[in-house]
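What follows is one structure encoded as structure tokens, with my remarks underneath.
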Number of protein chains: 2
Amino acid sequence: MRDVAREAGVALKTVSRVVNNETGVSPQTVERVTEVIHRLGFRRNDMASKLRAGRSAASIGLIIEDLGNPFYTTIARGIETVTYPREQFLVTASSEESAERERAILLELCQRRVNGMIIVPTGLDHSFLQHEIDLGLEVVFLDRPGAGISADTVLLDNLAGAMSATEHLLSLGHRRIAVLGHDETIWTMRERHAGYRAALARAEVAYDESLIMLGPLTPDEAQRATAELLDGANPPTAFFACNNRMTVGVLSELRHRQESIDVAGFDPIETATLFSHPVTLVTYDAAELGRRAAHLLVERLEGRRTPQQVVVPTTLVTYGQSAGSNAKRRRRA
Amino acid sequence: MRDVAREAGVALKTVSRVVNNETGVSPQTVERVTEVIHRLGFRRNDMASKLRAGRSAASIGLIIEDLGNPFYTTIARGIETVTYPREQFLVTASSEESAERERAILLELCQRRVNGMIIVPTGLDHSFLQHEIDLGLEVVFLDRPGAGISADTVLLDNLAGAMSATEHLLSLGHRRIAVLGHDETIWTMRERHAGYRAALARAEVAYDESLIMLGPLTPDEAQRATAELLDGANPPTAFFACNNRMTVGVLSELRHRQESIDVAGFDPIETATLFSHPVTLVTYDAAELGRRAAHLLVERLEGRRTPQQVVVPTTLVTYGQSAGSNAKRRRRA
DNA sequence: CCTTCCGCAGATATCGTTGTCATAGTCTGC
DNA sequence: GCAGACTATGACAACGATATCTGCGGAAGG
């Protein structure tokens, strides 16, 4: 900027005024300065600019479990549709389900003075962010509630979704429904498991511990778990998979065995219409989750103070023929 | 930081030394300052720090076509595995296939002084970045070559991949192979189309214009195009879909008609093993694309100057039974 | 006892920009 | 012809950190 000022024969401040389209500069001066700016290829240093302004560079931290999971990327896409028009950049990082890594990333994002963060929380305590929040940081939790601080939250209706999936299987006559999922250290899994139990209870079907396979499972492990269950003494007659990866695992094993068993799963799968095996999925608008979170964050950045909670509904969708019906059926969860 | 200094009764520079673990501070002073830092919850402002250092905040710009496409998110995941250990944050944005939007984003990223950018180029001329490159910006093009500047590039072997897919269909006896894809304004599509033609030429099969459906197609449009082709006077006996979305479109229509026709497609699809219809895919390690690009960028940031080009190979994988074979077959492309 | 050197800590300038205030010049109206 | 208002521009400090240089006190060496 100094170079521009010298070259155009004006003061720094005048260049600043031109760069920021401020009033009170004569058209001739504007033109002369603009010409020099183009000639020298000058571009303002946003970091210095924001430093002076005491504000952070317009950017939003997004910390999710895994950048590679389509569920999260659809969310990221939804967030971007809201933040891009507001000239906010998205700074992304994966927590890898590690509370420690999550904490390290969050603190680093604070150092960068992002003005807001959208967090899919892994850790169980986020009170260490309180100080930053007092200093103006805005936080929105997404998909799972955070703990230790009061902040906006966007959640799925996990309980109702899991209930509707389980009820769907029950209505087909199943009484032994296996469950595959992550263990209950993850909030969404607790909710979905609770939904499953609630549906059983309402139908007065006994809860059988031996049908439940939890733990951090890869799709391959889910496939093996499915095999074990099917080969057991008293095998299940249907499966409820608690997330998209579990669903893929279960279906892989069924395809491998060329067996057909009713399967319900949580999370939408884009290509489910092409599957050979019928499946009923608890679907929802993942991009909407992102948009809602981004809207809440934007509102907070614009001054709202009262914490809000948003719950996004789920929809049960059946792909392929199941129990004699050939139609693709939809039901509100 | 001033508060910390005052509270601890030391000079600013001493606090700075403690924060940066510099030597030359007595243990007692370190302890006293550290205590005050924790008590006040002080956290260094990275923007100011980097401003003084003349360097940018450790961050890498990533601009891709669409944050929501699983292809790109797998890439992002690969990039992150390389950049996270180096404490570089990823600033992401979607170009939406708009050259203008891409340009705007790139220039904004320059203003933020990212120290490197990984670009999936949409625009046809990136020479406007030359000035920033002269000033120390490092650029790597990913998936498609950039134009107007010399920079590192990571590409897929599109030509060989498309050839191997086409040859596979030819080897099954097909002579009328339809092609669905984006139009040739996109480099990868030109290459894949060229691969198709090369395979035909080698097999001395005539190229038939009427079998080619190009244009920006959504999966739904691809499905309709498939229907049109099949309902035409002289329908194709096989399909080559130039990307994952086209593949889904073709397969949707075939499933809808309950017809079975040999299909090959470019891009891996995670759930292809579960499809009811057999399909042969040109697969590759998308995360590896990201890792290679990130490695090139890191090398450049560490001083390498000679531009490099990396080509990632593809592999042909057949899912489901095709032309009488029941096995899942693999061939090097 | 004096010089030299070293370990520790502070003063000050600086990064690139913008907010505040000052100033010089022009214009208006009586 | 001059007060008062207004316009265009500039000087300077400040944002929050770090690099450089300087200073001070004590230990080692002669």
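No hydrogens, no waters, no symmetry mates; every other heavy atom, side chains included, goes into these values. A, B, ... follow the sequence lines: proteins, then strands. Residue 1 opens every chain.
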* To do: Would you please confirm or rule out a distance under 4.0 Å between OP1 or OP2 of C:dC8 and any side-chain N or O of B:T29?
  => no
* Asked: Looking at B:S26, does any N or O in its side chain come under 4.0 Å of the phosphate oxygens OP1/OP2 on C:dA9?
  -> yes
Between [atom2] of [N] and [atom1] of [X], the distance in whole Å:
X     : N      : atom1 : atom2 : result
B:E31 : C:dC8  : CD    : C1'   : 17 Å
B:L51 : D:dA19 : CG    : C1'   : 14 Å
A:D3  : C:dT17 : CG    : P     : 10 Å
B:N45 : D:dC15 : CG    : P     : 12 Å
A:K50 : C:dT17 : NZ    : C1'   : 11 Å

* Asked: Considering residues at least two apart in sequence or located in another chain, which fulfil the ring-ring contact (aromatic ring centres under 6.0 Å, His included) criterion with B:H126?
  ->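 So B:H126 forms a ring-ring contact (aromatic ring centres under 6.0 Å, His included) with B:F141.
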* What residues, two or more places apart in sequence or in another chain, satisfy ring-ring contact (aromatic ring centres under 6.0 Å, His included) together with A:F89? -> none
* **Axis bend over the full length of the helix from C:dC1-D:dG30 to C:dC30-D:dG1, computed from five pairs that close each end, to 10 degrees** => 50°
* Structure fact -> Result for 5'-nearest mapping on DNA chain D, choosing between A:V30 and B:D46, is A:V30
* Asked: Any donor and acceptor pair, going by atom type alone, linking the side chain of B:T74 with main-chain N or O of B:P70 inside 3.5 Å?
  -> yes
* To do: Would you mind telling me which of A:R292, A:R305, A:R300 makes a salt bridge (Lys or Arg N to Asp or Glu O under 4.0 Å) with A:D152?
  =>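 Result: among A:R292, A:R305, A:R300, A:R300 is the only option passing the salt bridge (Lys or Arg N to Asp or Glu O under 4.0 Å) with A:D152.
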* Structure fact -> Contacts of B:E100 meeting side-chain hydrogen bond (donor to acceptor under 3.5 Å, both in side chains) (sequence neighbours excluded), chain-then-number -> none
Output a table of nitrogen or oxygen pairs between the protein and nucleotides 18-21 of chain C separated by less than 3.5 Å.
unit_1: C:dT18; atom_1: OP1; unit_2: A:N20; atom_2: OD1; d: 3.2
unit_1: C:dT18; atom_1: OP1; unit_2: A:N20; atom_2: ND2; d: 2.9
unit_1: C:dT18; atom_1: OP1; unit_2: A:R44; atom_2: NH1; d: 3.2
unit_1: C:dT18; atom_1: OP2; unit_2: A:S16; atom_2: OG; d: 2.6
unit_1: C:dT18; atom_1: OP2; unit_2: A:N20; atom_2: ND2; d: 3.2
unit_1: C:dT18; atom_1: O2; unit_2: A:R52; atom_2: NE; d: 3.0
unit_1: C:dT18; atom_1: O2; unit_2: A:R52; atom_2: NH2; d: 3.3
unit_1: C:dG19; atom_1: O4'; unit_2: A:R52; atom_2: NH2; d: 3.4
unit_1: C:dG19; atom_1: N7; unit_2: A:K13; atom_2: NZ; d: 2.9

* If each of B:R32 and A:R2 is mapped to the nucleotide of DNA chain C with the nearest heavy atom, which maps nearer the 5' terminus, i.e. the 5' end? -> B:R32
* Please figure out whether B:V10 or A:F42 has its closest DNA chain C nucleotide nearer the 5' end. => B:V10
Could you pull out every donor-acceptor pair under 3.5 Å between side chains of residues 18-25 of chain A and any protein atom, sequence neighbours left out?
unit_1: A:N20; atom_1: OD1; unit_2: A:R44; atom_2: NH1; d: 2.5
unit_1: A:N20; atom_1: ND2; unit_2: A:S16; atom_2: O; d: 2.9
unit_1: A:N20; atom_1: ND2; unit_2: A:S16; atom_2: OG; d: 3.4

* Do the numbers put A:R77 on top of the ring of A:Y72, so that NZ or CZ is under 6.0 Å from the six-membered ring centre and no more than 45° off the axis? ->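 No, A:R77 and A:Y72 do not form such a contact.
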* Can you tell me if B:S95 and B:E65 form a side-chain donor-acceptor pair at under 3.5 Å? ->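 Distance-only check fails for B:S95 and B:E65.
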* Could you tell me whether B:E31 atom CD has more than 12 heavy atoms of other residues or ligands within 6.0 Å of it? =>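 Not more than 12 within 6.0 Å, no.
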